[in-house]
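So the structure is just underneath, and the comments pick up after that.
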Amino acid sequence: MKFPARRSTYWGAKICPAAGSLYTPIINKEAIMQDGAQTTTAQGADENLDMAVTFLEGLAEKAASYLPSVVGALIVLILGLWVAGRIKKIVAAAMTRSGRVDETLSGFLSSLVHYGLIALVLITTLGIFGVPTTSFAAIIGAAGLAIGLALQGTLGHVASGVMMLGFRPFDVGDYVEAAGIAGSVKHIGLFTTELATPDNKKIIVPNGKIFDDVITNYSGYDTRRIDLMFGISYEDDIDKAMSLIQSEVEKESRVNGDPAPVFEVDSLGDSSVNILCRVWMDRADYFAVKWALTKAVKQRFDAEGVSIPFPCRSIYMEKAA
C-alpha cells in the first residue's frame, strides 16, 4: 500500500514520507525553551521600561507643579536670612552708639532679635511649602512653655541679668554690697555676677539673688563722707580738743571744703566725751583720708596732753561687820 506524498507538521515534528515509509517525529525542545525565554525577557524589559517612563513622567509633572513653590521658598529663605543678619548688625550698632547699653546686653538683645527673625523666616518658608504654620507655631509655643518651666530658676537669673544690665544699679569696678556679700564688681553676666572681696576672694553670685535683694553701691557717687568719733576724758577741755581735730582736718588736702567739715559733741559716753568729726572727700580717697586723720588726731592728742580714756569700772569692797 502506498501513501501519497505529503508534508505536514505535528507538534513541531516533521513527517517526511519517502519511499513509502513514515519517519519518527523529531522535536527540538531546546529551541522551544530558548524562544520562550527570549520572549519572556523581552516582555519583562518592555514592562520595566514602561514603568520607568511612567514614573519619570509623574515625577516631572510633580516637579513642575512644585517648582514655583520651591523657587519662592528658596528666595524667601535666602533673603530672610540675609535681612535677619543685617537687622542684627543694625540693632547692635545702634545700642553701641547710644552708649547707655552694656556690651553684654547689646550682644544678647541683638542675638535675640536675630534668632526671632530666623524663626519667622523658617515658619514662612514652611508655609510656602504648604505646611500648616498654625499648628507648627502651637508646637513651638508648647515646647517653649515646657522648657521655660524646666529652666524656671535659670531663666529667672537671666531676666535679672537683663534688668541689671539695662538699669545699671552698678558698673564693673564699683564696690557694692548685695545678697549679704561686699566686694568690687569684676564682671556682670546674664546668669551671674563676679565680685572680688577686699582680701581678693572671687565670689560668683546668681543675678536673681542680687536683684531681689537690697543693693548698696559705695561707688555710686563721686564723693563720700566719713564720720570719725574721738573720745576724750571728762577732765579734758572740749573746745581745745575740737580745735586740735579741726587743725588736723585743715592740714589734709584731700578733704573737700564743700560741704564744710562738721565738728560737734555727739554724745556723753560712760567714760568719755565723744566728739564727732564729719568730712567729705572724693570717693577714691575714702580709706586713705580715714586712716590718715585717725593717726594724725591721735598723735596730736598725745602731743597736746589730751587723753583718750579707756573704759574703766570702779569696784567698792565692804568689810563684813
Side-chain angles (χ1 to χ4, degrees), residues 169-186 193 195-203 205 209-210 213-321:
F170 51 80
D171 294 316
V172 174
D174 291 352
Y175 188 83
V176 301
E177 183 177 355
I181 301 171
S184 299
V185 180
K186 293 297 184 181
T193 297
L195 299 178
T197 61
D199 55 349
N200 205 30
K201 292 179 182 177
K202 180 180 179 180
I203 300 179
V205 186
K209 291 187 176 181
I210 295 177
D213 199 359
V214 176
I215 301 174
T216 303
N217 188 353
Y218 296 97
S219 304
Y221 300 106
D222 294 332
T223 58
R224 288 190 62 184
R225 190 189 73 191
I226 296 178
D227 292 349
L228 297 175
M229 195 72 66
F230 299 101
I232 63 173
S233 173
Y234 275 92
E235 288 78 17
D236 291 328
D237 187 350
I238 296 177
D239 293 333
K240 177 182 178 181
M242 293 176 63
S243 177
L244 294 176
I245 297 173
Q246 182 176 357
S247 175
E248 294 302 320
V249 170
E250 291 175 352
K251 294 178 182 179
E252 180 56 61
S253 61
R254 290 170 292 190
V255 174
N256 295 340
D258 185 20
V262 174
F263 308 96
E264 296 292 345
V265 176
D266 185 71
S267 63
L268 301 176
D270 294 336
S271 58
S272 64
V273 178
N274 298 319
I275 301 174
L276 172 65
C277 172
R278 179 173 291 172
V279 295
W280 290 81
M281 77 293 302
D282 292 340
R283 180 183 65 197
D285 298 329
Y286 179 85
F287 288 103
V289 172
K290 179 180 179 181
W291 296 330
L293 285 179
T294 302
K295 178 181 179 181
V297 171
K298 171 62 171 67
Q299 292 176 341
R300 187 68 181 275
F301 278 3
D302 293 342
E304 298 293 336
V306 178
S307 61
I308 300 177
F310 295 98
C312 60
R313 178 176 299 176
S314 299
I315 301 176
Y316 299 92
M317 301 182 64
E318 295 182 358
K319 294 182 178 180

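We number each residue from 1, following the sequence as shown.
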Under the side-chain hydrogen bond (donor to acceptor under 3.5 Å, both in side chains) test, which residues partner [X], sequence neighbours left out?
{"X": "Asn256", "answer": "none"}
{"X": "Arg224", "answer": "none"}
{"X": "Asp199", "answer": "Thr197"}
{"X": "Ser272", "answer": "Asn274"}

field: Separation between CD1 of Ile232 and CD1 of Ile245, rounded to the nearest 0.5 Å
entry: 7.5 Å
- request: Find the distance between CG (Asp237) and CG (Leu244) and round it off to the nearest 0.5 Å.
  value: 9.0 Å
- prompt: Which residue pairs pass the salt bridge (Lys or Arg N to Asp or Glu O under 4.0 Å) test with at least one member in residues 262-276, sequence neighbours excluded?
  reply: none
field: Residue pairs, two or more places apart or on separate chains, that pass salt bridge (Lys or Arg N to Asp or Glu O under 4.0 Å) and touch residues 227-236
entry: Arg225-Asp227, Asp227-Arg278
task: Grab the two heavy atoms, one from Gly231 and one from Pro309, that are nearest each other, plus how far apart they are.
output: O-CD, 3.8 Å
- line: Residues pairing under ring pair (Phe, Tyr, Trp, His ring centres under 6.0 Å) where one sits in residues 228-283, two or more places apart or in two chains, turn out to be none
Would you give me the side-chain donor-acceptor pairs under 3.5 Å for residues 285-292, sequence neighbours excluded?
none

Taking salt bridge (Lys or Arg N to Asp or Glu O under 4.0 Å) as the definition, give me every residue that meets it alongside [X], ordered by chain and number, with sequence neighbours left out.
{"X": "Glu252", "value": "Arg254"}
{"X": "Asp213", "value": "none"}
{"X": "Lys251", "value": "Glu248"}

Contacts table for residues 170-185: side-chain donor-acceptor under 3.5 angstrom, sequence neighbours left out:
| residue | atom | partner | partner atom | Å |
| --- | --- | --- | --- | --- |
| Asp171 | OD1 | Arg168 | NE | 3.0 |
| Asp171 | OD1 | Arg168 | NH2 | 2.7 |
| Asp174 | OD2 | Asp171 | N | 2.9 |
| Asp174 | OD2 | Asn217 | ND2 | 3.3 |
| Glu177 | OE1 | Tyr218 | OH | 2.9 |

task: From the options Arg300, Lys298, Gln299, select the one residue that forms a side-chain hydrogen bond (donor to acceptor under 3.5 Å, both in side chains) with Asp302.
output: Lys298
